[in-house]
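Here's the structure, in structure tokens; my notes come after.
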Amino acid sequence: MNEPLPVLRAVDGGTAKLMPDIDREGAWLLTVDGAPQSYVDLADPTHLEFEYARRLAHVVDCAAPEGAPVDLLHLGGGALTLPRYAAATRPGSRQDVVEADRGLLDLVAEHLPVPADAGITVHAADARAWLEAAPARSADLVVGDVFGGSRVPAHLTSVEYAHVVGRVLRPGGCYAANLADGAPFPFLRSQLATFGAVFAELALIAEPAVLRGRRFGNIVLLASHIPQDTARLARRAAGDPFPARVEEGEPLARLMGDAPVVRDADAVASPVPPGGAFGIG
């Protein structure tokens, strides 16, 4: 059998590279301009390599009773790692994926196709524009995992955007955003203030070393109109091979402090990661 070869292609957001995992048949790593974007195991979509992807998967696991189908909206697609996971663990779910990079979508469709019966519909569009046109109360879970390079775009960080997310979620639904920051957490604090202005309930999932400010890293922000089952989520996060902690309540209030609510007029992208923060090899 011929071994799969790396694929290099110019896409809208830079230069994408698909590299086969030599230790795992059918698995691929996607990078854009050298920054890791997705890891996909076509033979086993439940196998997740990236820590942040595992934490988002825990949110999917806790979104409804085990195995029950849900309506998911994914903002940011990459190689469709989380949609594939949800299709495998919650068969019958209806999933929409919004990805602005048409070149990247074409690359993934050609080399890492999704089964036709997976219930995954992909849309080539800007995440916020698509969200603004989406029906009200149409999603059980909205996942924000949009990065321009290694930064969350500014227009997905404002209170106006948070209101749009809140409109699309069902009353018991949840928003989960993959963010990245480091101490003293200026971006994270602003996002807590911003989403706290719209949602009654907030929580964070992250590696303890990141929460303690020891290193720059990914942090998952959860926002909802009603309380979520954070105890169940905390058990899953703590028992993961890459343990994480769930924070909520008073610790978040202390972290947020007097951070201002971000509006469209003054929104900025998330900080540039320090060199090597998300490198590979």
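With sequence neighbours excluded, the residues that form a side-chain hydrogen bond (donor to acceptor under 3.5 Å, both in side chains) with T230 are E248. Residues passing the side-chain hydrogen bond (donor to acceptor under 3.5 Å, both in side chains) test with R84: none are found, sequence neighbours excluded. Applying the side chain to side chain contact (heavy atoms under 4.5 Å, CB included) rule to A57 yields the partners L48, L82, Y85; only residues at least two apart in sequence or on another chain are considered. Residues satisfying the side-chain hydrogen bond (donor to acceptor under 3.5 Å, both in side chains) test with D266, not counting sequence neighbours, are none. Evaluation of the side chain to side chain contact (heavy atoms under 4.5 Å, CB included) rule for D21 yields D23, R24, A27, Y39 as partners, not counting sequence neighbours. For W130, the ring pair (Phe, Tyr, Trp, His ring centres under 6.0 Å) test picks out H123, with sequence neighbours left out. Applying the ring pair (Phe, Tyr, Trp, His ring centres under 6.0 Å) criterion to H225, with sequence neighbours excluded, gives F199. Remark: D126 pairs with H155 by the side-chain hydrogen bond (donor to acceptor under 3.5 Å, both in side chains) rule, at least two apart or across chains. A10 is linked by a side chain to side chain contact (heavy atoms under 4.5 Å, CB included) to nothing, counting only residues two or more places apart in sequence or in another chain. Residues that satisfy the side chain to side chain contact (heavy atoms under 4.5 Å, CB included) test with A206, not counting sequence neighbours, are L211, I219.
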Enumerate donor-acceptor pairs with a distance under 3.5 Å from any side-chain N or O in residues 134-146 to protein atoms, sequence neighbours excluded.
unit_1	atom_1	unit_2	atom_2	d
S138	OG	P135	O	2.7
D140	OD1	R170	NH1	3.1
D140	OD2	D71	N	2.8
D140	OD2	R170	NH1	3.2
D145	OD1	N178	ND2	3.0

Would you tabulate the side-chain donor-acceptor contacts of residues 239-246 under 3.5 Å, counting partners in other chains and residues two or more places apart, or write 'none'?
unit_1	atom_1	unit_2	atom_2	d
D240	OD1	R54	NE	2.9
D240	OD1	R54	NH2	3.2
D240	OD1	H58	NE2	3.0
D240	OD2	R54	NE	3.0
D240	OD2	F242	N	2.7
R245	NE	E247	OE2	2.8
R245	NH2	E247	OE2	2.9

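The local environment of CZ in R102 is sparse, with at most 12 non-hydrogen atoms from other residues, nucleotides or ligands closer than 6.0 Å. Other residues, nucleotides and ligands contribute over 12 non-hydrogen atoms within 6.0 Å of the CD atom of E250.
Cluster membership for V268 and L179, using ILVMFWY side-chain heavy atoms within less than 4.5 angstrom, is not shared. Linking Ile, Leu, Val, Met, Phe, Trp and Tyr residues whenever their side-chain heavy atoms come within less than 4.5 Å leaves L56 and V97 in two separate clusters. No path of Ile, Leu, Val, Met, Phe, Trp and Tyr side chains, each step under 4.5 Å between heavy atoms, connects W28 with F50, placing them in separate hydrophobic clusters.
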